[in-house]
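Contents: one structure, followed by commentary.
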Amino acid sequence: MIAVDFETYYSRTHTVSTLGPWAYAHHPKTDIYMVSVVGEGIEFVGDPSDFDFSRLTGRDLVSHNAAFDSVVARAAISKGTIKQTFVPKSWSCSADLAAYCGQPRSLADAVKAVFGHELPKVMRQVMSGKSWQWAQDKGKAGQLLEYALNDSRWCLKLWEKLAPQWPIHERRLSAHTRTLQWRGVNVEADKLRTGITHLAELNAAAADKIPWAGDGAILSLPVLRDYCQTLGIPAPKSLAKDSDEAIAWEDKYGDRFEWIAALRDYRRTNILLQKLQAIDVRRRADGTMPVNLKYWGAHTGRWSGDAGVNMQNLPRSEMFNVNVRPMFMARSGHKFVIVDLSQIEPRVLYWLTGDAPMLDAIRSGVPLYEAHARATMGWTGGKMKDEAPDLYRLAKARVLGLGYGCGPGKFQHVAQALAGVTLDAAQCEDTVRQWRSGNERICKFWLSLTRKLGCGVNSQADHIEFGLPSGRPVRWWQPRLRIDETGTNPGANAFNGKGWTYLWGGKMTENIVQALARDVFADCVMRIEANGIRVLWTVHDEVICEVPEDQADDALDTVTRIMSTPPDWISDLPLAAEGGIENHYAK
DNA sequence: GCTACGAGCGCC
DNA sequence: AAAGGGCGCTCGTAGC
């Protein structure tokens with residue numbers, strides 16, 4: 001294994017985060033001035049043009065953030081900084097490895113956590129806005145070379161220490177995530193430009209309606225409060241769209257003051273505008289945008305968005321007359337095949353709790369929410385979705401909202417958000433009580449986890465874990481008693497790999513369900529690729545593939561079949577999937 | 001001038 | 001008895 005780390009020019013404004021790795025690396029301003037290579041008898045640091053990269057052909061490489069270093073290598077070849085093309089056997093990512101192991105992603109933090117060693121960071125700040133020539137002139141060249149070499153040494157050490165814990169199928173998923181960056185997705189430039197122009201106009205119009213625009217920060221809560229005081233009206237504590245207080249405040253004063261609505265429009269148009277501009281600067285000469293996803297972005301193992309554009313939270317439908325999803329269009333002669341797993345999380349929860357009657361009903365083709373209503377809500381009619389649509393939506397809200405310990409107060413919002421069901425406080429009380437009495441298996445599952453947590457707290461355990469059938473454990477570290485204002489609470493605080501979190505049985509259940517659903521989905525993704533179908537990106541339970549037009553029908557069949565077939569290690573999980581063939585991305 | 005964090009908003 | 005969860009990004013403030 002050989003560690004590779006490039007050093008490149010950056011400044012306050014010229015960064016990976018503003019441009020994304022691909023556009024940053026290929027940008028003319030990005031001088032690729034140093035590389036360090038450590039391992040298998042090689043120890044080099046210096047100008048990339050002084051290293052014979054053909055030595056890396058056929059070798060296993062590792063970089064901390066390989067998505068970045070591999071794209072820099074490619075850019076360096078196209079810029080002529082690297083003279084030799086080279087084909088490594090593999091190029092792994094030690095940041096992905098660290099994340100899988102529950103360690104921090106950044107090299108310095110991971111090295112600190114794993115080895116207790118502090119990596120010096122000073123050079124990184126020193127070099128902001130500075131060229132390699134500047135470093136040489138100022139006599140900092142030696143220090144910089146040493147710093148770069150040190151990073152590669154520690155990257156290699158981190159790899160050697162942690163890699164044995166990283167299963168082969170997870171390594172493949174990490175590598176697959178990086179291929180999305182090369183593939184990219186085609187962007188319809190006209191639609192993008194039209195959207196940017198339109199949103200910029202709306203945003204400016206909204207700003208015009210806000211009295212303090214120009215004087216101070218438009219979205220500042222303190223400024224808003226001051227302004228309300230001059231008007232002699234109260235200001236809400238929160239302006240959040242679904243906050244009861246903000247809604248009441250808007251109802252009362254919204255008609256008198258147009259800036260109240262304008263404030264929200266300003267924020268929302270701006271967020272969307274920034275997103276479109278981020279897509280715009282990432283576009284390549286061939287009209288595509290690289291897709292960057294973060295492997296193991298969530299502690300449950302889910303992928304997350306990355307590198308400035310989050311492809312996992314694109315608005316589902318039109319906002320301000322702008323529809324973002326259809327701006328992504330299949331390449332000429334190709335189609336998108338978009339398929340998602342149906343109700344994967346409740347299916348997984350029934351599997352985990354061994355609910356054989358529910359699993360059998362689902363397997364025999366009863367719609368999941370209807371099966372729940374038949375089992376616990378007294379439904380005895382026919383096809384519920386048609387015969388009793390309101391009750392069906394309530395069944396959906398119950399299935400999606402109550403499996404993880406949600407109480408009546410929270411359920412009111414959850415039912416509205418997940419199923420569009422409006423319930424009053426008393427109805428929520430009744431629903432939660434009735435659901436819990438009819439879903440004992442799930443409640444017992446929470447309890448078993450609460451007990452596990454309690455044991456961990458009592459023994460001051462390093463970590464507690466739940467083994468998934470995929471072979472990997474979900475872990476929570478340092479479970480410790482949680483003391484709150486009211487005294488002690490049966491809950492605990494624990495570290496989940498990302499941060500400290502309040503934990504109890506219901507939340508642990510949710511973590512486990514999400515993790516298992518992720519492993520099932522990940523298995524599907526790799527089987528799709530094994531069938532020669534190219535995945536462009538994924539959104540938790542949804543896969544966006546791109547295939548030649550004449551193969552689209554077959555590909556849809558194949559992907560749907562794969563995603564309706566559980567992995568070998570959970571062959572009794574009833575899976576279902578649905579999707580379609582599209583020219584444009586849509587939901 | 002940098003980082004950390006909260007508020008707000010989009011998604012599954 | 002009570003308790004949904006998981007993200008990223010933008011803007012603004014606070015603290016070093």
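Note that these values count all heavy atoms, side chains included, but never hydrogens, waters or copies made by symmetry. We name chains A, B, ... by the order of the sequence lines, and we start the count at 1 in each one.
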Do the charged groups of A:Asp96 and A:Arg105 touch, with an N to O distance under 4.0 Å? yes
Evaluate the ring planes of A:Trp435 and A:Trp446, with Trp represented by its six-membered ring, and classify them as parallel (under 30°), tilted (30 to 60°) or perpendicular (over 60°). parallel
Measure from the side chain of A:Arg264, starting at C-beta and using heavy atoms only, and say which of B:dC9, C:dA3, B:dC11 lies closest. B:dC9
Can you tell me the distance, in whole Å, between the CZ atom of A:Phe521 and the P atom of B:dC12? 12 Å
Could you pull out all residues at least two apart from A:Tyr392 that satisfy ring pair (Phe, Tyr, Trp, His ring centres under 6.0 Å)? A:Tyr369
How would you label the contact of A:Leu314 with the nucleic acid (heavy atoms, under 4.0 Å): base, sugar-phosphate, or nothing? sugar-phosphate
Starting from C1' on B:dG10, measure out to CD1 on A:Ile279 and report it in whole angstrom. 13 Å
In whole Å, what is the span from the CG atom of A:Leu453 to the C1' atom of C:dA3? 12 Å
Produce a footprint string for nucleotides 6-15 of chain C: one letter per nucleotide, 5' end first; B if the base is under 4.0 Å from any protein heavy atom, S if only the sugar-phosphate is, - if neither. BSBSSSSS--
Write down the distance between CH2 (A:Trp476) and P (C:dG5), rounded to a whole number of angstrom. 13 Å
Calculate the interatomic distance between A:Leu273 atom CG and B:dC9 atom C1'; express it in whole Å. 15 Å
d(CG, A:Leu449; P, C:dG5) in whole Å: 15 Å
Which is true for A:Arg325 with a 4.0 Å heavy-atom rule: it touches a base, it touches only sugar-phosphate, or it touches nothing? sugar-phosphate
For A:Phe495 and A:Trp477, take the angle between the two ring planes, folded into 0 to 90°, and tell me which bin it lands in: parallel under 30, tilted 30 to 60, perpendicular over 60. perpendicular
Reckon A:Gly405 touches a base, only the sugar-phosphate, or nothing at all at heavy-atom distances under 4.0 Å? base
Which whole-number value in Å describes the distance from A:Phe411 CZ to C:dG4 C1'? 11 Å
Determine, stepwise, if the pair A:Gln514 / A:Tyr404 fulfils side-chain contact (heavy atoms from CB on, under 4.5 Å). CA-CA 11 Å; A:Gln514 190 181 107; A:Tyr404 312 111; over 6 Å; no
Would A:Lys112 and A:Asp109 pass as an ion pair if we require N to O under 4.0 Å? no
Only one of A:Leu516, A:Val520, A:Val513, A:Ile362 passes side chain to side chain contact (heavy atoms under 4.5 Å, CB included) with A:Trp351, and that residue is A:Leu516
Please state how far atom CG in A:Leu293 lies from atom P in B:dC12, giving the value in whole angstrom units. 14 Å
Under 4.0 Å between any heavy atoms, over every strand shown, what does A:Val414 touch: base, sugar-phosphate, or nothing? Just pick one. base
